[in-house]
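Report on one structure; see the data block that follows.
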Amino acid sequence: MSFRYRAFSLSLASALPLPELDADAAPGPADVTIAFGAVPAAPPAGGVLLGPFASTGPDWLWLQVPGVASYWVEAGRQILIEPLPGIDEDSLRVFLLGSVIGAVLLQRGHSVLHGNAVAVNGQALVCLGESGAGKSTLALGFAQRGFPVLADDVVAIDDRGRALPGIPRIKIWQDVADQLAIATGSLPRVRPAMAKFSLTVGRLPGLEALPVKWIFLLSQGHVTAVTAAPTEGMAAFEVLRDNLYRPFLVEGMGTQASHLQRLGILAAQAQVVRLKRPLAGFSLTEMIDRVLATMDEPG
């Protein structure tokens, strides 16, 4: 049995149910097929070894996730999954909708950033930052104010500088849910043993790729209030370069030059801002208000 979905402006035919994605009823062949099958026990010769469990070439990725499954990705069109006996589907989806779908997007020529994207007045706001910086919290705060979430974790940018509508959910830890008064009792866990949950967020029907207008790099530090510092030139480019999704895949594919060129164009196109919040006393309302005020400033 095959399920049909749509994500990142692609149609996907999947043997694995993907409840996180929008259903796709469009006729015709899928852009990407996801099937269960045998994955080679070792990677093909001639690839770039990324570590003991991953290897890549210009148009393929071989990935083993110990205790979960092996994955094979080819030409941005085919994904094979070989699960280990007894593994749960949630664990399969974690890696499929992370590194594996990231490899598909890279193979199809997109730039991929590690962050979240929100639709604001027909344009895209992208939030970047290290784990714990508040990306998901900020995106959820925007969603609660009625701004549709474009993408979570994996933000794909096409060659026109547009953010593609990705996965309409946000992964949140229990402490973030508590802060936002979100009950987690009925939410699916990202993996059975993790206190991290998958929260589906509303999205406008038919929402398509949106031009990236603002990019905020989130951090925390010794400040007494949320601060915003516009960044330009090489510093703006470095913000994007340092927040590529799985940069080792880009290096292994040998496509660094083209990706860096596209990031340079994106850095010139968008307003890049470093946003810093206090280490303690984090106010989501203050943070969102500061972001919105900065977006309204000429630039």
Side-chain angles (χ1 to χ4, degrees), residues 1-24 30-41 43 50-51 53-57 59-108 110 112-116 136 149-156 164-172 187-194 196-201 244-246 248-250 252-253:
M1 181 177 182
S2 182
F3 304 89
R4 290 294 294 262
Y5 302 101
R6 188 160 189 84
F8 303 104
S9 299
L10 299 170
S11 60
L12 295 85
S14 178
L16 175 68
L18 303 174
E20 300 91 341
L21 302 187
D22 293 327
D24 182 20
D31 298 307
V32 181
T33 60
I34 304 168
F36 293 110
V39 172
L50 305 176
F53 303 111
S55 184
T56 187
D59 63 351
W60 56 266
L61 170 70
W62 175 87
L63 175 67
Q64 286 188 331
V65 182
V68 178
S70 295
Y71 298 87
W72 173 261
V73 188
E74 186 171 2
R77 303 188 63 86
Q78 180 187 30
I79 299 170
L80 282 178
I81 308 172
E82 185 176 0
L84 291 179
I87 192 66
D88 61 280
E89 291 185 344
D90 287 333
S91 294
L92 295 178
R93 283 188 282 265
V94 167
F95 300 97
L96 172 65
L97 298 178
S99 295
V100 172
I101 200 68
V104 168
L105 295 166
L106 290 171
Q107 290 172 0
R108 298 185 76 94
H110 298 309
V112 185
L113 297 173
H114 189 196
N116 301 77
S136 296
V149 173
L150 263 176
D152 171 63
D153 195 39
V154 180
V155 180
L164 305 180
I167 304 171
R169 61 94 167 92
I170 293 180
K171 293 181 290 185
I172 58 171
L187 295 181
R189 291 176 182 258
V190 172
R191 293 189 68 180
M194 293 180 67
K196 193 173 188 179
F197 304 88
S198 179
L199 176 65
T200 300
V201 289
L244 281 172
Y245 187 81
R246 306 296 190 263
F248 54 83
L249 291 179
V250 176
M253 292 169 60

Lys/Arg N to Asp/Glu carboxylate O, Asp22 vs Arg6, below 4.0 Å: no

Pairwise side-chain contact, Leu92 with Ile87, heavy-atom cut-off 4.5 Å (strictly under): yes

Heavy-atom check, side chain of Leu16 versus side chain of Phe36, under 4.5 Å: yes

Main-chain N/O of Ser70 paired to Glu82 side chain as donor or acceptor, under 3.5 Å: no

Side-chain touch Pro83/Glu89, heavy atoms, less than 4.5 angstrom: no

Rounded distance [0.5 Å steps], OG in Ser14 versus CG in Leu96: 6.5 Å

Distance (rounded to the nearest 0.5 Å) between Ser136 OG and Asp153 CG: 7.5 Å

Close side-chain approach of Leu12 to Asp24, heavy-atom, < 4.5 Å: no

Any side-chain heavy-atom pair of Ile81 and Val100 under 4.5 Å: no

For Tyr245, all residues meeting ring-ring contact (aromatic ring centres under 6.0 Å, His included), sequence neighbours excluded: His114

Note, Leu50 side chain near Thr56 side chain (heavy atom, < 4.5 Å): yes

Sub-4.5 Å side-chain heavy-atom contact between Pro43 and Phe53: no

Interatomic distance, Arg189 atom CZ to Asp90 atom CG [nearest 0.5 angstrom]: 11.0 Å

Heavy-atom pair with the smallest gap, counting every atom of Ala151 and Gly166: CB-N, 4.0 Å

Any Val154 side-chain heavy atom under 4.5 Å of Ile167 side chain: no

From CD1 (Ile34) to OG (Ser2), nearest 0.5 Å: 8.5 Å

Residues which pass side chain to side chain donor-acceptor pair (under 3.5 Å) with Asp31, listed by chain and number, not counting sequence neighbours: Ser11

Rounded distance (nearest 0.5 Å) linking atom CD of Glu74 with atom CG of Asp59: 6.0 Å

Arg169 side chain vs Ser198 backbone, donor-acceptor pair below 3.5 Å: no

Atom of Tyr5, atom of Pro17 and distance for their closest heavy-atom approach: OH-CA, 3.5 Å

Atom pair CZ (Arg246) and CG (Leu244), whose distance is rounded to the nearest 0.5 Å: 12.0 Å

Closest non-hydrogen atom pair, Ala7 against Leu21: CB-CD2, 4.0 Å

Closest heavy-atom pair and its distance - Gly76, Arg108: O-NH1, 2.7 Å

